[in-house]
Amino acid sequence: MGLHDENAAVTQVHFLPQQVDLVTLLDDNSLHMWTLRAHQGVSELLEIGRFTLTGPPGASPSVTRVTAVLTHSSGDLLFLGTEGGHVFVVEVPGFRELEERNISLENVTNSLPEDYGGRRSLEHVESLQENPVNPRQVLIGYGRGIMVIWDLERQSAVKHIPATQQLESVWWTEDGGHVLSSHSDGSYCRWMVAGEGTQSEQEKSEVPYGHFPCKAISKIIQLPTEQGPPFLFLSGGMPRASYGDRHCISVIHSKTHVALDFTSRIIDFFVIRDGPDHTGDPSALVVLVEEELVVIDLQTEGWPVIQTPYLVPLHCSAITCSHHVSAIPLKLWEKVLSAGALQNTHYSKKPWPITGGQNLSPDAPQRDLLLTGHEDGTVRFWDASGVCLYPMYKLSTAGVFLTDAEPNDNMNQCTEGEWPPFRKVGCFDPYSDDPRLGVQKIHLCKYSGYLTVAGTAGQILVLELNDEAAEQTVEATVADLLQGQEGFRWKGHTRLEVKEEPVRFPPGFQPFALVQCQPPAVVTALTLHSEWKLVTFGTSHGFGLYDYQQKSNVLVRCTLNPSDQLAMEGPLSRVKSIKKSLRQSFRRIRRSRVSLRKHHVNSAAKVQEANARLEAELAEMELAPVQRKIEARSSDDSFTGLVRTLYFADTFLSDSSHHTPSLWAGTNGGSVFAYQLRLPPVERRAEDPVSAHPAKEIQLMHRAPVVGIVVLDGHGSPLPEPLEVAHDLARSADMQGCHQLLVISEEQFKVFTLPKVSAKMKLKLTAIDGSRVRRVGVAWFGSNRSEDYGESGLTVLTNQGDLHVVSLPGVKLQVQYPCIRREDVSGIASCVFTKHGQGFYLISPSEFERFSLSARCVVEPRSLVEVPSQTPSTTLPRAQPDGPSVKHRNSTRDTDDMESSARRVMEHALLNDETVLQEIQKSLEGYQPTFLENNVKSALAGGKVLTNGD
């Protein structure tokens, strides 16, 4: 990856022919040159130069504003077309402008016939194309429509193409005999440019999509085939009135004509061709759209999509939550892969066509899954073991419910006889049939294969992994969290209706139980215990416990405070209340402005007097570094009953000699509820009911929201996960010593002894630096020196974007690192920790950033791109670099004179080809080695460069 120092958008990228160097153009009009270099066995992308065109003194900025870039096949020239109509010629890699080769607008205009519209303004340079069979000719396409073929040796125009429509794109055919131009009115033209004569003749003009006004064709490509007609690719050109909002690329070959319809704006596209030199038949179409990268197989019937192994759009539907599971057992992994393979039958069987480079990263030590919940009710499973997130399987929960619009399986197929012949391409779909389907919480048990998914409308689905397709009815169990409390009326969205008839579910995760919360509020907490066959859930109204083996409610507890009226409104009605409060605020501001005008003079004087008095007092005060005072939150605050965290533990609740299963719940108002669970024996588990009895209740003094609960065993270690001990993957919890309860609120970490629940120690985070805990997880930090040693700790993310590691059981701050910008609220909210000290967060709606707090578990890209031998195809005659007519107008940082330009060329050569040193050595065989050493060092340090005379 290469990162520009400038905070500007990259508008163009061009590789130099036959080289691993590339040039980027930014929207601040600067050009940058990059090269691939192997460093310690790994490829790096290094910036080796930058350049900005500077015009004559007093010239308009448009004269040098770059609009088109051509990298010449010689490999050492750049042609830069500008907004002012000029073409500048720049030598690379030194970024030295060759003034005597520049093609000025005046010279081009003078070469045009007198009858060309009175030689009207040609506008900006829209396109630059090199003649495929004669590198000494370059086609310059101007925005007004006219195109000129310029001879670089004779410095004159040899032919002009008199198009009259606004020009969008130009393509020069491989045989050099024809030029295709596309225009703003949706037409494209074919021009004969071979032969004598200064004016080209139009052979063909066509508007592919009809007689009504059409949008511009922004890019056109035509490629030949060995047997049969050529392929024609057009971007845009749709009828403006009917399909002006479509993003299409039309592919035309023989009698086949398809309009590939993308769901986001097309940025660019190119075509991959067969053969070692990529000069054979077109094999794949690569399209970059705003939200994804799509590759079309052009050699398989139907032109299917090739599945991408990287850069897969995470946000096909907006991501609403994430869940990470480490160290997946092989059996579950293979089942998920198998279910996903059955969903990918519509993809092409061809391998990924973009090849090159070696992945040097070691094999992942374990199999990790990242599950993402989406707005459309889907859950996507990603292989998160390595650098790239690879899609494994997609689960849809929408099939269980009746929604406003049923999904159409045939949406990708174009109807017979339809015109234009659209075909939906790509998986990005920003629209959701029903916002209530949105997934809010996910919990997967990797040992049993049970999955629970909770949504926006209070629905909780329990699913199991099945190798075979099944047809079944999913019955809903209602959990009334209000428990008959009076005075509350739900004003939010309604619940989702469940389908009454049996639904066919494909192989994979299949729902078999459903809990519906009433009121149907967003599920805010969810935990699954597959060993006990229980799932617990919480909303803004309370929490419940569900037995999914017997499909019955075990416990329902309302946590609402009488003042929690906002909790009854739901997300939709809150918009109305916000509008109302805004209206009232503006009225108060208006009234206050009237009163301020009356007392403006007196109040201003009083304010100045008070400020002066305050400054004097502050100057006399000596501030001591004391902990800040944290005001206790009022119990009347809204959403105090919202459940933030739920936790299962086998620990001591009633006395210190008997440990029992328990359920713990923490709320937004600083309350912790503990319930003792009684499970029937294994042989009676399917018949006898599970019971829950209230055991403990804790109220934190500051009433800060409880974001995490952890029980520590007699050794001070967190309790193992359900079924982890049964699979011999963790040692049994120590039940001999005293257990401790760790309650993590937004402001502090507090340890209580069990079963008495007496405070033992605490760590005040907010009082120290004013930050609040937003995310917390339990992690195992393994030593990178000893395989057998490791420690448990808490990974913490604050609202300031800082990461902390807190030791267990001592509850001491170990390290602190800045990670996420404090302004990035959505990034902080999206963070998810792993069990081994890593984490993920969204740096944009479509990108996860991965970080690690562990010295042992680090995932980083390590790759090597082989540097090919650099053999430029053609070298044009050039002026000598020290000729008197050459001037520099280079505004790069370090290359204001000839010596620094030459130094940059030499640096570039040494970076890219170690054989340069060997060549210098051979040419200096009669000299001592120190001569070579000293001169090369001198050259790189800015001294004189070796010349032929030396």
Side-chain angles (χ1 to χ4, degrees), residues 12-18 23 25 66-82 85-90 101-103 105 108 111 122-163 165-184 188-195 198-203 216-224 230-235 268-271 273 278-279 872-874 876:
Q12 294 187 43
V13 180
H14 299 273
F15 271 103
L16 296 184
Q18 309 298 325
V23 175
L25 173 66
V66 178
T67 55
V69 178
L70 170 65
T71 55
H72 195 267
S73 60
S74 61
D76 51 15
L77 290 179
L78 283 182
F79 291 83
L80 308 176
T82 66
H86 305 284
V87 177
F88 293 86
V89 184
V90 175
R101 292 184 175 274
N102 289 346
I103 307 168
L105 181 63
V108 174
S111 70
L122 301 181
E123 295 188 356
H124 63 280
V125 176
E126 182 65 51
S127 181
L128 291 169
Q129 293 284 323
E130 181 182 342
N131 189 334
V133 296
N134 183 1
R136 289 170 172 77
Q137 289 185 353
V138 170
L139 184 144
I140 309 168
Y142 291 93
R144 182 73 75 178
I146 195 165
M147 293 162 277
V148 174
I149 296 178
W150 190 265
D151 189 293
L152 299 175
E153 277 191 348
R154 291 156 50 185
Q155 292 288 300
S156 64
V158 295
K159 199 178 288 286
H160 70 273
I161 304 171
Q165 291 293 333
Q166 192 81 16
L167 186 67
E168 295 288 331
S169 173
V170 176
W171 181 260
W172 206 327
T173 60
E174 261 191 10
D175 58 5
H178 293 86
V179 165
L180 275 71
S181 61
S182 66
H183 301 275
S184 61
Y188 72 91
C189 303
R190 180 182 173 91
W191 306 86
M192 168 75 79
V193 293
T198 58
Q199 182 164 324
S200 299
E201 295 183 5
Q202 180 176 305
E203 284 190 356
I217 296 177
S218 58
K219 186 170 182 177
I220 184 169
I221 293 177
Q222 180 179 294
L223 294 172
F231 271 88
L232 182 64
F233 304 90
L234 308 167
S235 175
D268 200 3
F269 70 91
F270 72 93
V271 180
R273 303 172 68 180
H278 305 290
T279 56
S873 58
T874 308
L876 292 177

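Computed over heavy atoms, backbone and side chain alike; hydrogens, waters and symmetry mates excluded.
- The structure places OG of S156 at 10.0 Å from CD1 of I103, a figure rounded to the nearest 0.5 Å.
- With hydrogens and angles ignored, the 3.5 Å screen pairs a side-chain donor or acceptor of K219 with a backbone N or O of F269.
- The side-chain contact (heavy atoms from CB on, under 4.5 Å) check on T82 picks up L53, H86, F88, with sequence neighbours excluded.
- Contacts of F15 classified as side-chain contact (heavy atoms from CB on, under 4.5 Å), with partners at least two apart in sequence or in another chain: L22.
- Taking Q202 as the reference, nothing meets the side chain to side chain donor-acceptor pair (under 3.5 Å) condition, with sequence neighbours excluded.
- Between F231 atom CZ and I221 atom CD1 the span is 12.5 Å, to the nearest 0.5 Å.
- S111 is not listed as a side-chain neighbour of H160, based on a closest heavy-atom distance of 4.5 Å or more.
- Among all heavy-atom pairs drawn from S73 and P17, the shortest one is CA-CG, 3.7 Å.
- Counting heavy atoms from C-beta on, the side chains of I140 and F79 never come closer than 4.5 Å.
- By the side-chain contact (heavy atoms from CB on, under 4.5 Å) test, P224 pairs with E174, R273, sequence neighbours left out.
- By the side-chain contact (heavy atoms from CB on, under 4.5 Å) test, E126 pairs with H124, L167, sequence neighbours left out.
- The backbone N or O of G141 lies less than 3.5 Å from no partner atom in the side chain of S127, so there is not a single donor-acceptor pair.
- Contacts of Y188 classified as ring-ring contact (aromatic ring centres under 6.0 Å, His included), with partners at least two apart in sequence or in another chain: none.
- Residues passing the side chain to side chain donor-acceptor pair (under 3.5 Å) test with Q222, sequence neighbours excluded: none.
- The structure places CG of L77 at 10.0 Å from CG of L16, a figure rounded to the nearest 0.5 Å.
- Using a 4.5 Å heavy-atom threshold, the side chains of W171 and L223 count as touching.
- Under the side chain to side chain donor-acceptor pair (under 3.5 Å) criterion, Q137 pairs with N131, not counting sequence neighbours.
- Contact check for I220 versus L232: side-chain heavy atoms found under the 4.5 Å cut-off.
- Summarising the geometry of V148 relative to A157, their closest heavy-atom pair is CG1-CB, 3.6 Å, with the distance given to 0.1 Å.
- With sequence neighbours left out, K159 forms a salt bridge (charged side-chain N to carboxylate O under 4.0 Å, His left out) with no residue at all.
- For the side chain to side chain donor-acceptor pair (under 3.5 Å) test, residues two or more places apart in sequence or in another chain that qualify with W191 are S181.
- In this view, D151 satisfies the salt bridge (charged side-chain N to carboxylate O under 4.0 Å, His left out) rule with no residue, not counting sequence neighbours.
- The minimum heavy-atom distance between H178 and E203, with the atom names listed, is NE2-OE2, 3.1 Å.
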Q: Just do the side-chain contact (heavy atoms from CB on, under 4.5 Å) check on V69 and L80 with the steps written out, would you?
A: CA-CA 5 Å; V69 178; L80 308 176; 4.0 Å; yes
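- When all heavy atoms of S182 and S218 are compared, the closest pair comes out as OG-C, 4.4 Å.
- Distance check: Q165 CD to I217 CD1 gives 11.5 Å after rounding to the nearest 0.5 Å.
- The NE2 atom of H72 sits 11.0 Å away from the CG atom of L128 when rounded to the nearest 0.5 Å.
- Residues I161 and L139 are in side-chain contact: their nearest non-hydrogen atoms beyond the backbone lie under 4.5 Å apart.
- Closest non-hydrogen pair, W172 versus G177, comes out as NE1-N, 4.5 Å.
- In this structure, CZ in R136 is found 10.0 Å from OG in S74, a value given to the nearest 0.5 Å.
- A donor-acceptor distance shorter than 3.5 angstrom exists from the side chain of T67 to the backbone of G81, with no hydrogens or angles considered.
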